[in-house]
**Student:** 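My questions all concern the structure below.
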Amino acid sequence: MKKNLYITTTIPYVNAPPHIGHACELVQADAIARYARLRGKSVRFQTGTDENAFKNVLSARAVGIPVKQLVDQNSERFRSLCEVLSIAYDQFVRTSESSHFSAVQTFLSRLKSDDVYTQEYRGLYCNGCEDFFQERDLVNGACPDHSAPVTEISETNHFFRLSHYEHPLRELIASRRIQIVPETREAEVLRFIDRGLTDISLSRNAERSAGWGVPFPNDNDQVVYVWIDALVNYLSGLGYPNGEHYQRFWEANVDRTHIIGKNVWKFHAIYWPALLLSAGLKVPDKIFVHGFLTNDGQKISKSSGTATDPTIYVDEFGVDAVRYFLLRHTHPFDDTDFSATRLAEVYDADLANGLGNLCSRLTKLAESVGLALPNNAEEPLSPANLDEYVDQFRCDLALEVLWTEVRQLNQLLSSERPWTDIKAGQLDLAREKLKRVAGRLRDTSYWLAPFLPATARIIYQSLSEQPIRKCEPLFPRGA
């Protein structure tokens, strides 16, 4: 069994501030990382920002500021979002840093010489994706992701012989040496491979890119293609090639897990493993591909004009309420419609009237009779299926397990009616009834910590006081 976990998010472009879709991926990865730590694993959790895209050049020109100023401002917004959402990352990578440049150039220099060549190339290019497309992949002649027209571009670039890795990649994925979750995405990747893999560009013309990006090794006329450069962040953030963290969390017996959106599996499940094989390095173990947040069925994004600053929802409902919605009420693998109205409904039903009401009633009654629970000397027993659900990236089902317990405890408290015993002066009987509910809720709060860290901490501490004190309101109504 692998004890160590290296878990990463994708690193978003910084041509604009973050939106609620970025928050969803961050919270998913954070919950999985926190749960692994709770179970005693050594974990390294990495996120960051992708700063070498030509998009950034165009965005900086549009607002009339230097590119570095733009990426500095927006990268800090993504870092701040992590703090707002209580994201407990170990490393925040910025691909404009010199350490990343060095790692990219080292990585490219270690690709097999037979796998790299130079040629003139003509292709259909989407500025939004910063990617070339085959005509067969277009939808009505437009980019399938942005529904935007593509541009025919001709230039001389350095290429990687992806075609050499068609059979090794298929074997890695079909055998689940690289496990792609869910299985529907695995099947999609295999179908893509079976259509035949074509070689990919490693570079872009430096002049066309305004000189922004990682210089290609031994060729100042080219910069590294941003998607190749971005993928190497999974190594550069560990100190590749010689860093201690690289040895411990990539080369060692570790579960290497990437959490990505469904629009970038081609880069992570095909390009990235092939490049790693060429460089003689280990490949990822798991690639979790999540769906999008949508607005009336349309992907929430900067380009569509549907992006909303997630801090607005945190300010209104609180960080754990937003985390709860994104983990419990969005499907991990499919698209989910998001709205403030739906968030408010969930806040009232599940949080204010559910967990919040239970904790308020219970601790008020416990304080009135001077109840004290014995100290927890050992880790409480894990609820049934909780480990399996988290291992399957089903935080929604994991929280359903915990909320089933919350509902049962609310029902138990109502049926036991300890307040009638208190009124009748039967305080010992009331304590026995409250003790059963309080002990189970304290255990539940222990397992709730990876998902709602602040809420779980308040509940656990309140129920561990000697004697128990009334808990502060967790989810005030009118939020």
Side-chain angles (χ1 to χ4, degrees), residues 5 7-14 16-38 43-50 73-94 237 257-261 288 290-293 295 300-302 306-332 336 338-340 342-344 346-347 350-351 355 390 393 395-396 398-399 402 445 448-459 474-476 479:
L5 170 66
I7 186 167
T8 67
T9 69
T10 53
I11 51 172
Y13 287 142
V14 290
H19 57 70
I20 191 66
H22 297 120
C24 191
E25 181 172 298
L26 284 167
V27 169
Q28 287 172 327
D30 182 69
I32 294 165
R34 284 176 180 268
Y35 192 86
R37 293 188 187 108
L38 193 69
V43 177
R44 184 156 177 97
F45 171 26
Q46 179 173 300
T47 187
T49 46
D50 182 358
Q73 289 174 352
N74 284 336
S75 179
E76 185 55 37
R77 289 173 173 173
F78 279 92
R79 191 192 297 268
S80 296
L81 177 61
C82 289
E83 307 306 319
V84 168
L85 294 171
S86 299
I87 305 301
Y89 62 81
D90 298 291
Q91 178 71 14
F92 189 95
V93 172
R94 294 191 58 187
T257 297
H258 296 322
I259 295 183
I260 67 169
F288 161 37
H290 62 76
F292 291 143
L293 290 187
N295 185 305
I300 293 175
S301 67
K302 301 181 288 285
T306 55
T308 306
D309 183 351
T311 60
I312 294 173
Y313 305 116
V314 173
D315 289 342
E316 183 173 358
F317 297 100
V319 58
D320 277 3
V322 173
R323 287 177 64 104
Y324 176 78
F325 183 90
L326 294 176
L327 292 170
R328 172 87 189 280
H329 290 279
T330 64
H331 195 284
T336 303
F338 175 88
S339 70
R342 178 67 180 131
L343 174 56
V346 167
Y347 180 94
D350 294 7
L351 300 175
L355 180 60
V390 176
F393 305 101
C395 290
D396 57 332
L399 279 167
L402 297 175
S445 71
L448 186 63
F451 311 100
L452 279 65
T455 299
R457 182 172 58 253
I458 292 170
I459 297 173
L474 296 176
F475 302 100

**Student:** Please report the closest heavy-atom contact between Tyr347 and Ala321, naming both atoms and the distance.
**Tutor:**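 Scanning both residues completely, I find the closest heavy atoms to be CD1-CB, 3.7 Å.
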**Student:** Mind checking the CG-OG1 spacing from Leu293 to Thr308? Nearest 0.5 Å is all I need.
**Tutor:**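 So the gap between those two atoms works out to 10.5 Å.
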**Student:** Tell me whether Asp90 contacts the main-chain N or O of Gln46 through its side chain, where contact means a donor paired with an acceptor under 3.5 Å.
**Tutor:**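 Here the side-chain-to-backbone pair does not exist.
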**Student:** Check side chain to side chain donor-acceptor pair (under 3.5 Å) between Glu25 and all other residues, then give those that pass, not counting sequence neighbours.
**Tutor:**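 For Glu25, the residues satisfying side chain to side chain donor-acceptor pair (under 3.5 Å) (neighbours in sequence not counted) are Thr10, His290.
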**Student:** side-chain contact (heavy atoms from CB on, under 4.5 Å) with Cys395: which of Ile32, Thr330, Leu326, Val27?
**Tutor:**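 It is Ile32; the other options fail the test.
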**Student:** Report yes if some heavy atom in the side chain of Ile260 is under 4.5 Å from a heavy atom in the side chain of Phe288; otherwise report no.
**Tutor:**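 The answer is no; the side chains never approach within 4.5 Å.
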**Student:** Would you sort out whether Leu355 and Leu448 count as a side chain to side chain contact (heavy atoms under 4.5 Å, CB included), showing the intermediate values?
**Tutor:** CA-CA 11 Å; Leu355 180 60; Leu448 186 63; 3.9 Å; yes
**Student:** For residues 78-85, dump all side-chain donor-acceptor pairs below 3.5 Å to protein atoms at least two apart in sequence or in another chain.
**Tutor:**
from  : atom 1 : to    : atom 2 : distance (Å)
Ser80 : OG     : Glu76 : O      : 2.9
Glu83 : OE2    : Tyr89 : OH     : 3.2

**Student:** Can you give me the closest heavy-atom contact between Ala33 and Ile7, atom names plus distance?
**Tutor:**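 Looking at all heavy atoms of both residues, the shortest contact is CB-CG2, 3.9 Å.
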**Student:** May I have the step-by-step check of ring pair (Phe, Tyr, Trp, His ring centres under 6.0 Å) for Tyr324 and Phe475, ending in yes or no?
**Tutor:** CA-CA 12 Å; Tyr324 176 78; Phe475 302 100; 8.1 Å; no
**Student:** Work out which heavy atom in Pro18 is nearest to a heavy atom in Arg77; give both atom names and the distance.
**Tutor:**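 Looking at all heavy atoms of both residues, the closest pair is CD-CB, 3.8 Å.
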**Student:** At what distance, to the nearest 0.5 angstrom, does OH of Tyr13 lie from CD1 of Ile11?
**Tutor:**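 Reported value, rounded in 0.5 Å steps: 9.5 Å.
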**Student:** So, the side chain of Arg323 versus the backbone of Phe451: is there a donor-acceptor pair under 3.5 Å, distance only?
**Tutor:**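 Confirmed, Arg323 side chain pairs with Phe451 backbone.
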**Student:** If you look at every heavy atom in Phe317 and Ala340, which pair is closest and at what distance?
**Tutor:**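 Heavy atoms of Phe317 and Ala340 come nearest at CZ-O, 4.3 Å.
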**Student:** Roughly how far apart are Thr336 OG1 and His329 NE2, rounded to 0.5 Å?
**Tutor:**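 Going from the OG1 atom of Thr336 to the NE2 atom of His329 covers 11.0 Å.
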**Student:** Minimum heavy-atom separation for Val93 to Gly237, with atom names?
**Tutor:**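 Smallest interatomic distance, heavy atoms only, reads CG2-CA, 3.6 Å.
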**Student:** Quick check for you: to the nearest 0.5 Å, what is the distance between Thr8 atom OG1 and Ile259 atom CD1?
**Tutor:**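 Answer for the OG1-CD1 pair, Thr8 versus Ile259, is 7.5 Å.
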**Student:** Tell me every residue that passes side chain to side chain donor-acceptor pair (under 3.5 Å) with Thr257, counting only those two or more places apart in sequence or in another chain.
**Tutor:**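 Partners of Thr257 under the side chain to side chain donor-acceptor pair (under 3.5 Å) test: Asp255.
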**Student:** Considering all heavy atoms of both residues, which atom of Gly48 and which atom of Pro12 are nearest to each other, and what is their separation?
**Tutor:**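 In terms of heavy atoms, the two residues are closest at O-CD, 3.3 Å.
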**Student:** Can you tell me how far the CZ atom of Arg37 sits from the CZ atom of Arg34, to the nearest 0.5 Å?
**Tutor:**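 Result: 7.0 Å between the selected atoms.
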**Student:** Is any side-chain heavy atom of Gln28 closer than 4.5 Å to a side-chain heavy atom of Leu327?
**Tutor:**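 Gln28 vs Leu327: side chains touch.
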**Student:** Once you round to the nearest 0.5 Å, how far does OG1 of Thr49 lie from CG of Asn74?
**Tutor:**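 It comes to 9.5 Å.
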**Student:** Quick one: does any side-chain atom of Asp30 pair with a main-chain N or O of Ala88 as donor and acceptor, under 3.5 Å?
**Tutor:**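 Judged by distance alone, yes, a pair lies under 3.5 Å.
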